[in-house]
Protein chains: 2
Amino acid sequence: MRVAEEQGYSVNIQASVLRREKSNIIGMLIPKYDNRYFGAIAEQFETMARARGLFPVITCTQRDPDLEIAAAKELLSYQVDCLIATGATDPDRISALCSAAGVQTINLDLPGTKAPSVISDNFAGARDLASLILDHQRTPSAPLLFIGGRESDHNTRERVRGFVAAHEDRGMSVSSNLILTCGYAADKAEAALMAFDGPVPRGLFVNSTITLEGVMRWLYRQSREARAAIRYGCFDWDPFAALLPANVGMARQDVVSMLELAFRLLDAEPDTVSSQQVPCVLTCLV
Amino acid sequence: MRVAEEQGYSVNIQASVLRREKSNIIGMLIPKYDNRYFGAIAEQFETMARARGLFPVITCTQRDPDLEIAAAKELLSYQVDCLIATGATDPDRISALCSAAGVQTINLDLPGTKAPSVISDNFAGARDLASLILDHQRTPSAPLLFIGGRESDHNTRERVRGFVAAHEDRGMSVSSNLILTCGYAADKAEAALMAFDGPVPRGLFVNSTITLEGVMRWLYRQSREARAAIRYGCFDWDPFAALLPANVGMARQDVVSMLELAFRLLDAEPDTVSSQQVPCVLTCLV
DNA sequence: CAATCATGCTCCATCGATTGAGCAAGCTTG
DNA sequence: CAAGCTTGCTCAATCGATGGAGCATGATTG
């Protein structure tokens, strides 16, 4: 064994897994790698999986529902011991596939009903963030604009609810045309702002950093004066976005706590299909 | 077969690979997921691998040389068909392990001598970027400060060479104390700037976006006037960093072309141990 | 000293997919 | 019609690691 080790020989894992009927592989589905939130999730997941002697395999699904299912099936055929579905568009479908194969699943970031979920406290995070923006926008008692995300998406709905609550806290009401759930993509946000009926409010609640990219493109098409009057805050954190002049705050999701909780749920008996919420950390930039 | 498909059955890949002695797995080692460059590489790699019917497995090595080797061995024990080593600190050691196992390797981002390499044209990219910063800094004929990266790192050496060449192009010389190759990490860059002997030059060449995070932290500790006088440019691209007021330009590495070239080299016979350079795209922000 | 137990070793069946050998049936051709 | 060929099917060996059965040796105990 020592000589084998020295000469760089290693066990054939395929044979080992075949015989042991246990792969020690833990799979993760993730939508994208193009922002700090998912990047941090991927890194933290790998680190924690390795610390437990598991082999982490991450697959990026490009927010494509078909690819999500195909990737889940592919991971199952590698006999993964368990699977974390991050930000899945149809988490219950994935849970169903996995439970049919006797594989434990956890939903991360977006909740499902057929497996335990670990998500941010989007309501409280959004309420705090909206409140911060309301405090710091240039036209104090005007309602904000909500931009980005999908109506069908649990997180977006919760954040809209928090957004509305922050307005109600100060006796303000929000008309529904101020809620632009046009998708997360930068292009869609930019287009939605361009097409907005009437002048865009001076305070913006941006639903993700990807959406913020589109918001910034729109903002830099405005006149210097119009731009100077606008303040915004963003759900999710990015170190450079945090330095942009008109950004008043970011709601950072607590990736470490979320993954610790996810791994704890994997260890525990999968008796309850709970949905656990992790508080966000509000970074005030003013 | 149709019924099996409908019922969600799938082949046991471990058994299949064991018998076929061909895994259809393509591995990638990547240092981090915390910036757009590596994020884009990871996504593009997955997309292109899938398009070729290969199963992509990416492992994040946290810039840790030991983890790099351990991860390479682990991927080999999964019988990967080939391996792309991205930004590896010791690519030749990985190539040696792989060639002992009869597995093809490509070095991406940082070159090695025992396997074909695909890297950016760091010299030309850095020369162009340095030239742009020299054009736009507030004290025209003063030399710039180079910050970030490692002396031992090929890319850093090439970029320093380009940096010096841009100065020489206009008859300027750069003293060696203006080249702070203190590592890529944000903390190290911040500390190096804090400890800089004498006033920091008003034009900065920042070697990566991760380094830029530290530079920004340092910058925001300066007085408003000192800060307003500084201009910088950065190797690598980030959408929010590109919007920061004093940023005059970014040298964006052409990830798509790099990966296309890498996959082409994998298809080709591994006869030559060439090092192919891909031009960067300079984004001018002024 | 015999009976029991602990330890260490060898050997073989097993995991599930794959592939080629072997065979049968039907078809073509001189 | 016989010889040769194609096609489709079944069957068993194989990939390499693992773990339990079986066996031999040495130690312990009444």
Side-chain angles (χ1 to χ4, degrees), chain A residues 1-29 49-57 59 67 69-83 94-105 266-267 270, chain B residues 1-29 49-57 59 67 69-83 94-105 266-267 270:
Chain A
M1 292 303 287
R2 188 181 48 74
V3 173
E5 171 67 24
E6 283 170 10
Q7 305 271 325
Y9 285 80
S10 60
V11 296
N12 180 323
I13 303 248
Q14 324 289 350
S16 174
V17 169
L18 180 61
R19 177 60 229 248
R20 284 184 299 122
E21 312 206 320
K22 186 126 192 338
S23 67
N24 282 339
I25 300 176
I26 178 168
M28 173 173 266
L29 300 177
R50 247 187 264 282
R52 284 154 189 261
L54 298 168
F55 184 70
V57 173
T59 284
L67 186 50
I69 298 297
K73 284 187 183 169
E74 202 160 17
L75 287 173
L76 286 177
S77 71
Y78 279 93
Q79 318 292 113
V80 290
D81 287 347
C82 50
L83 181 66
I94 293 167
S95 302
L97 279 172
C98 287
S99 75
V103 169
Q104 232 184 318
T105 8
L266 282 176
D267 291 337
Chain B
M1 292 304 287
R2 186 180 49 75
V3 173
E5 170 67 24
E6 283 169 10
Q7 305 272 326
Y9 285 79
S10 61
V11 296
N12 180 324
I13 302 247
Q14 317 292 349
S16 173
V17 169
L18 179 62
R19 178 60 231 245
R20 283 185 300 122
E21 312 206 320
K22 186 125 192 338
S23 66
N24 282 340
I25 300 175
I26 178 166
M28 173 173 265
L29 301 177
R50 246 187 266 283
R52 284 154 190 260
L54 298 169
F55 184 69
V57 174
T59 283
L67 187 50
I69 298 298
K73 284 186 182 168
E74 203 160 16
L75 288 173
L76 286 176
S77 72
Y78 279 93
Q79 318 292 112
V80 289
D81 287 347
C82 49
L83 182 66
I94 293 167
S95 302
L97 278 172
C98 287
S99 75
V103 169
Q104 231 183 323
T105 9
L266 282 176
D267 291 338

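Just so it is clear: chains get the letters A, B, ... in the order the sequence lines come, proteins before strands, and each one is counted from 1.
Spacing between atom CZ of B:Arg19 and atom P of D:dA17 amounts to 16 Å, rounded to whole angstrom units. Rounded to an integer number of Å, the gap from A:Tyr9 OH to D:dG16 P is 13 Å. Going from atom CG of B:Leu18 over to atom P of D:dA13 covers 17 Å, rounded to whole Å.
Two residues are said to be in side-chain contact when any heavy atoms from C-beta on lie closer than 4.5 Å; B:Phe55 and B:Val17 fail this criterion. Under the 4.5 Å side-chain criterion, counting only non-hydrogen atoms from C-beta, A:Thr59 is in contact with B:Arg50.
End-to-end axis angle of the helix from C:dC1-D:dG30 to C:dG30-D:dC1, using five pairs per end and rounding to 10°, comes to 40°.
Salt bridge annotation for B:Arg52-B:Asp81: absent, with no cationic side-chain nitrogen under 4.0 angstrom from a carboxylate oxygen.
A donor and an acceptor atom never sit less than 3.5 Å apart when one is taken from the side chain of A:Arg20 and the other from the base of D:dT18.
Judged purely by atom type and a 3.5 angstrom limit, A:Gln79 has no side-chain atom pairing as donor or acceptor with the backbone of B:Asn12.
Residue B:Leu18 comes nearest to A:Ala15 through the heavy atom pair CD1-CB, 3.6 Å, listed as atom of the first residue, atom of the second, then distance. Contact record, B:Cys98 with B:Leu83: SG-CD2, 3.5 Å, taken as the closest heavy-atom pair. When all heavy atoms of A:Val103 and A:Cys82 are compared, the closest pair comes out as CG1-CA, 3.7 Å.
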Residues 69-78 of chain A side chain polar contacts: donor-acceptor under 3.5 Å, at least two apart:
unit_1	atom_1	unit_2	atom_2	d
A:Ser77	OG	A:Glu74	O	2.7

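Protein chain B contacts DNA chain C over a range whose 5' and 3' limits, counting nucleotides with an atom under 4.0 angstrom from a non-hydrogen atom, are C:dG16 to C:dT19.
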